[in-house]
2 protein chains.
Amino acid sequence: MDVRTRILHAAAELLSHAPEADISTRAVCEAARVGAPALYRQFGDKEGLLTAVVDYGFEQYLAGRSPACSSDDPVQDLKNGWDDHVGFAVDNPNHYRLMYSPGLSAPPGAAAEAHRLLLEILERCAAGGRLRTSPQTAANMIMSAMAGVALSLVSRPTISADTEFSGRVRDAVIEAVTVPAVAGGRAPAYGGTAVAAATLGALLPEGPVAPLTEAETGLLREWLGRLSDTSITIA
Amino acid sequence: MDVRTRILHAAAELLSHAPEADISTRAVCEAARVGAPALYRQFGDKEGLLTAVVDYGFEQYLAGRSPACSSDDPVQDLKNGWDDHVGFAVDNPNHYRLMYSPGLSAPPGAAAEAHRLLLEILERCAAGGRLRTSPQTAANMIMSAMAGVALSLVSRPTISADTEFSGRVRDAVIEAVTVPAVAGGRAPAYGGTAVAAATLGALLPEGPVAPLTEAETGLLREWLGRLSDTSITIA
DNA sequence: AAAACGTGTTAACGTCGCTACCGTGGACGT
DNA sequence: ACGTCCACGGTAGCGACGTTAACACGTTTT
């Protein structure tokens with residue numbers, strides 16, 4: 001086995017059994033039967049090792065659940081994504097604590113990946129006319145509340161007695177940023193300018209729109225984001 | 001000045017200017033011009049010192065804002081309490097990181113105090129018939145989301161550009177656990193059994209209710225809590 | 001007056017993250 | 001085939017950390 005993956009596995013093993021999310025590089029080196037310089041050559045830093053371990057664990061977790069995504073209802077995907085995220089936190093408390101604990105100067109790539117996944121689902125929601133705000137704002141709102149719930153669950157097990165607790169916050173936040181589905185397919189202009197702007201913003205293609213220059217498209221995109229985050233629904 | 005408060009002030013000063021929420025006991029001792037054993041005699045442990053510092057800072061913050069509480073609208077108090085809490089986090093990022101960072105075996109008393117304050121407001125909401133759930137459940141929901149938002153704001157300053165962000169999550173969660181006020185004073189039985197149960201539970205006095213024994217009252221209290229956390233509103 | 005006690009200092013221990021230094025083994029040019 | 005270079009891992013050590021034994025001083029009690 002590669003030295004790098006041996007260190008990675010040893011660190012993950014130690015981390016998952018540690019009482020508090022803190023492991024010493026010496027213990028990792030001893031468990032991997034490797035000298036200290038090998039570790040520092042591979043990961044540069046203790047923080048580099050920890051972020052690599054977290055990224056590795058999160059990637060594995062994602063690989064085991066990928067087929068669950070992308071159903072026909074993006075709002076349902078949103079809820080499933082929430083439950084998956086919280087489930088990862090409960091199953092790997094120390095990994096999750098490291099992921100969202102302050103102190104790491106560079107947030108692990110896993111957190112950025114989770115944010116990206118959430119944003120992707122939210123853009124599908126916006127494309128279906130189901131979003132009240134810009135996908136970016138909704139992603140920040142959902143991610144913050146979700147991380148707060150997950151951290152509460154992993155740090156204060158007294159709360160976990162209420163199994164509905166996470167679902168309640170989930171539905172509260174998701175219902176605040178989405179609009180209910182209507183029977184006849186896509187719902188245009190329902191919910192005022194904010195929903196329309198969010199929908200249009202999601203439907204815009206990647207590059208410049210046909211009759212507009214690139215600068216104009218960028219400005220339009222910014223205005224749509226601002227419009228979709230304005231709660232005035234009565235023009 | 002007392003040695004204990006001198007250490008406390010030095011630690012608070014160092015903590016507020018530290019780049020990451022971690023200070024060394026040696027630096028605290030040097031700043032307070034005190035030997036190390038004095039610190040350990042006063043606080044027993046580094047964790048004891050940190051919790052004392054956090055409690056001290058939170059207490060001071062609370063003392064400066066106490067008159068804002070307890071208006072005539074408890075739901076408005078809820079929102080004000082949320083903004084105060086997030087404001088404390090933004091003003092004292094390192095204190096807040098310590099307050100809600102995992103790794104401390106015993107959570108600081110400040111966190112328990114914040115939870116108690118929130119619960120107090122929520123019980124006033126329930127007494128006014130404005131709560132959909134039990135105060136305990138609502139407190140857990142609000143506290144988790146609030147801590148998540150606050151930690152996002154102090155840990156990832158890129159989000160703080162959106163000044164409305166905290167208010168959006170706040171309104172989403174608060175509107176999910178409360179019912180809107182009605183014109184004619186108290187609103188009995190509006191919103192189904194859950195609201196009625198929460199209201200009754202909040203209106204019950206501290207000790208045993210007159211025609212019931214103490215055991216019966218305890219059981220009634222437990223049933224009311226369960227009822228108020230059941231989302232079935234159609235009997 | 002003497003003993004007991006709380007409280008501070010000096011000096012040290014063990015562990016941590018990290019690194020300068022050196023040895024080894026294979027790639028590569030001649 | 002042989003010498004040179006270099007990526008790579010091991011040995012030993014540095015400085016900083018949290019923590020604590022041993023001792024010194026002032027106050028209080030007997």
Side-chain angles (χ1 to χ4, degrees), chain A residues 1-57 94-95 97-99 101-108, chain B residues 1-57 94-95 97-99 101-108:
Chain A
M1 196 192 297
D2 194 357
V3 176
R4 183 185 169 91
T5 63
R6 223 169 61 210
I7 298 176
L8 218 50
H9 282 145
E13 172 75 10
L14 283 179
L15 181 62
S16 62
H17 293 106
E20 300 288 337
D22 189 29
I23 55 179
S24 72
T25 60
R26 292 180 130 91
V28 173
C29 291
E30 189 176 356
R33 287 189 304 275
V34 167
L39 189 153
Y40 286 95
R41 176 174 294 279
Q42 294 292 334
F43 301 97
D45 206 350
K46 178 181 184 178
E47 189 173 315
L49 168 67
L50 291 181
T51 61
V53 170
V54 169
D55 288 355
Y56 179 70
N94 285 334
H95 285 68
R97 270 194 269 258
L98 279 176
M99 237 173 118
S101 118
L104 278 67
S105 63
Chain B
M1 197 194 298
D2 194 358
V3 176
R4 183 185 170 91
T5 63
R6 222 169 62 209
I7 298 177
L8 218 50
H9 282 145
E13 173 75 10
L14 283 179
L15 182 61
S16 62
H17 292 105
E20 300 287 337
D22 190 28
I23 56 177
S24 71
T25 59
R26 292 180 129 90
V28 173
C29 291
E30 189 177 356
R33 287 189 306 275
V34 167
L39 189 153
Y40 286 92
R41 175 175 293 280
Q42 296 291 334
F43 301 97
D45 207 350
K46 179 181 184 179
E47 188 174 313
L49 167 68
L50 291 181
T51 61
V53 170
V54 169
D55 287 356
Y56 179 71
N94 285 334
H95 285 68
R97 270 194 270 257
L98 278 178
M99 237 172 117
S101 123
L104 278 67
S105 63

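Here is the naming used below: chain letters follow the sequence lines, and residue numbers restart at 1 for every chain. No experiment lies behind these values; they were computed from the predicted model shown.
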Check whether more than 12 heavy atoms from other residues, nucleotides or ligands sit under 6.0 Å from atom CD of B/Glu20, and answer yes or no.
yes

Which part of the nucleic acid, if any, lies within contact of A/Ile7, taking any heavy atom under 4.0 Å across all strands shown: a base, the sugar-phosphate backbone alone, or nothing?
nothing

Quick one: CZ on B/Arg4 to CG on B/Leu49, what's the gap to the nearest 0.5 Å?
9.0 Å

What is the first contacted nucleotide of DNA chain D and what is the last, in 5' to 3' order, if contact means an atom lying under 4.0 angstrom from a heavy atom of chain B?
D/dC17 to D/dA21

Nearest heavy atoms of A/Ala11 and A/Val53, plus distance in Å
CB-CG2, 3.6 Å

For residues A/Leu15 and A/Leu98, determine if any side-chain heavy atom of one lies less than 4.5 Å from a side-chain heavy atom of the other.
yes

Verdict with reasoning, B/His9 to B/Glu13, per side-chain hydrogen bond (donor to acceptor under 3.5 Å, both in side chains)
CA-CA 6 Å; B/His9 282 145; B/Glu13 173 75 10; over 6 Å; no

Note, B/Ile23 side chain near B/Leu50 side chain (heavy atom, < 4.5 Å):
yes

Distance, nearest 0.5 Å, that separates CD of B/Glu30 from OG1 of B/Thr25
11.5 Å

For residues 39-52 of chain B, which residues have at least one heavy atom under 4.0 Å from DNA chain D?
B/Tyr40, B/Asp45, B/Lys46

Contact pattern, 5' to 3', of nucleotides 9-14 of chain C - B, S or - by protein heavy atom under 4.0 Å
BB-B--

Between CG of A/Leu14 and CG of A/Asp22, what distance do you get to the nearest 0.5 Å?
11.5 Å

In the structure I gave you, are the side-chain heavy atoms of B/Thr5 and B/Tyr56 within less than 4.5 Å of one another anywhere?
no

Give the minimum heavy-atom separation between A/Val54 and A/Met99, together with the two atoms involved.
CG1-CG, 3.3 Å

